[in-house]
**Student:** 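Can you read through this structure? Questions will come right after.
Numbering starts at 1 and runs along the sequence shown.
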Amino acid sequence: MYGCESWTLDKETIRRIEAAEMWFLRRILKISWAERTSNEEVLRRAGVKKEAVHIVRKRELSFVGHIYRKDNLERLALTGRVQGKRDRGRQRITFLRSLNQGVTQGTRSKTEFLRLADDREEWRLMTADVCNRPGT
């Protein structure tokens with residue numbers, strides 16, 4: 001998970017992270033894939049919940065808050081205000097857009113989402129709320 005603070009999480013990436021987490025648990029518990037044990041059973045035997053995506057989201061949020069409170073080149077790159085032409089074709093999902101969708105389920109705009117980062121305490125409360133919510 002080194003460098004996961006900068007990952008753009010889409011549905012496919014989340015699926016792969018969760019699959020890797022289950023694979024790690026199966027290896028730890030020495031459960032063969034041939035046994036056809038369900039993921040719920042593996043989680044029950046291990047006595048844990050799925051946490052990998054929550055950890056990635058928490059790291060992303062703390063990283064964004066840290067970067068956004070500074071006034072430097074990283075903040076410009078994060079907000080997408082770098083000059084130049086964009087590439088042809090379908091626009092890629094940006095880091096902030098994926099983070100905003102995962103955190104607020106699209107209820108806030110990108111600017112409202114980033115304004116929370118200016119207030120460190122408010123940002124920490126939102127981060128704690130998001131990381132404790134199921135499905136994020």
Side-chain angles (χ1 to χ4, degrees):
M1 296 183 59
Y2 179 77
C4 68
E5 296 88 0
S6 62
W7 292 353
T8 301
L9 291 180
D10 55 358
K11 290 179 184 177
E12 177 65 20
T13 308
I14 290 172
R15 187 185 66 75
R16 287 179 183 224
I17 291 170
E18 289 176 345
E21 182 179 17
M22 293 309 300
W23 184 73
F24 297 148
L25 285 174
R26 287 174 190 273
R27 294 284 301 212
I28 290 169
L29 297 174
K30 297 181 181 172
I31 299 173
S32 171
W33 63 271
E35 291 180 32
R36 311 227 356 127
T37 309
S38 69
N39 287 344
E40 289 79 21
E41 176 63 22
V42 172
L43 290 170
R44 189 190 63 72
R45 283 188 199 176
V48 296
K49 298 178 186 176
K50 291 183 180 179
E51 295 180 344
V53 176
H54 293 287
I55 292 169
V56 171
R57 286 278 186 220
K58 185 172 175 93
R59 287 185 182 182
E60 282 179 338
L61 287 169
S62 64
F63 175 69
V64 167
H66 175 73
I67 293 297
Y68 195 75
R69 282 188 290 274
K70 294 183 175 185
D71 191 24
N72 55 14
L73 183 62
E74 288 89 359
R75 182 175 177 167
L76 284 175
L78 185 67
T79 56
R81 295 186 181 158
V82 179
Q83 297 296 321
K85 290 186 173 183
R86 70 172 189 86
D87 291 336
R88 291 178 49 186
R90 182 176 150 215
Q91 290 185 359
R92 293 187 177 156
I93 295 176
T94 62
F95 173 71
L96 279 180
R97 186 171 294 145
S98 74
L99 191 60
N100 189 14
Q101 287 173 352
V103 171
T104 65
Q105 281 85 30
T107 58
R108 291 187 178 160
S109 69
K110 185 171 76 170
T111 55
E112 290 173 333
F113 174 68
L114 284 177
R115 283 193 190 123
L116 285 175
D118 287 331
D119 183 12
R120 182 176 287 185
E121 292 304 317
E122 189 70 29
W123 186 257
R124 284 184 181 164
L125 287 173
M126 186 199 61
T127 302
D129 178 49
V130 167
C131 294
N132 291 330
R133 189 174 18 170
T136 55

**Student:** Once salt bridge (Lys or Arg N to Asp or Glu O under 4.0 Å) is applied, do any residues pair with Glu18, and if so which ones, sequence neighbours excluded?
**Tutor:** none

**Student:** Shared ILVMFWY cluster between Ile28 and Leu43, side chains joined below 4.5 angstrom?
**Tutor:** no

**Student:** Arg57 versus Leu9: any side-chain heavy-atom pair under 4.5 Å?
**Tutor:** yes

**Student:** Only counting residues at least two apart or in another chain, list the ones meeting side chain to side chain donor-acceptor pair (under 3.5 Å) with Arg69.
**Tutor:** none

**Student:** Once salt bridge (Lys or Arg N to Asp or Glu O under 4.0 Å) is applied, do any residues pair with Arg16, and if so which ones, sequence neighbours excluded?
**Tutor:** Glu12

**Student:** If you define the side chain from C-beta out and look only at heavy atoms, does anything of Thr13 sit under 4.5 Å from Thr8?
**Tutor:** no

**Student:** Does the side chain of His54 come within less than 4.5 Å of Lys49's, by heavy atoms?
**Tutor:** no

**Student:** Can you measure from CD1 (Ile31) to CE (Met22) and round to the nearest 0.5 angstrom?
**Tutor:** 8.0 Å

**Student:** Please check if Leu29 and Val48 belong to a single hydrophobic cluster, counting links between Ile, Leu, Val, Met, Phe, Trp and Tyr side chain heavy atoms closer than 4.5 Å.
**Tutor:** yes

**Student:** Shared ILVMFWY cluster between Val53 and Met1, side chains joined below 4.5 angstrom?
**Tutor:** yes

**Student:** Once side-chain contact (heavy atoms from CB on, under 4.5 Å) is applied, do any residues pair with Arg124, and if so which ones, sequence neighbours excluded?
**Tutor:** Arg120, Glu121

**Student:** Out of curiosity, Glu21 CD to Trp23 CH2, how far, rounded to the nearest 0.5 Å?
**Tutor:** 13.5 Å

**Student:** Apply side-chain contact (heavy atoms from CB on, under 4.5 Å) to Ser6 and list each qualifying residue two or more places apart in sequence or on a separate chain.
**Tutor:** none

**Student:** Got a second to check how far Leu61's CG is from Lys58's NZ, nearest 0.5 Å?
**Tutor:** 9.0 Å

**Student:** Could you list all the side-chain hydrogen bond (donor to acceptor under 3.5 Å, both in side chains) pairs where at least one residue sits in residues 36-47, not counting sequence neighbours?
**Tutor:** Arg26-Asn39, Glu41-Arg44, Glu41-Arg45

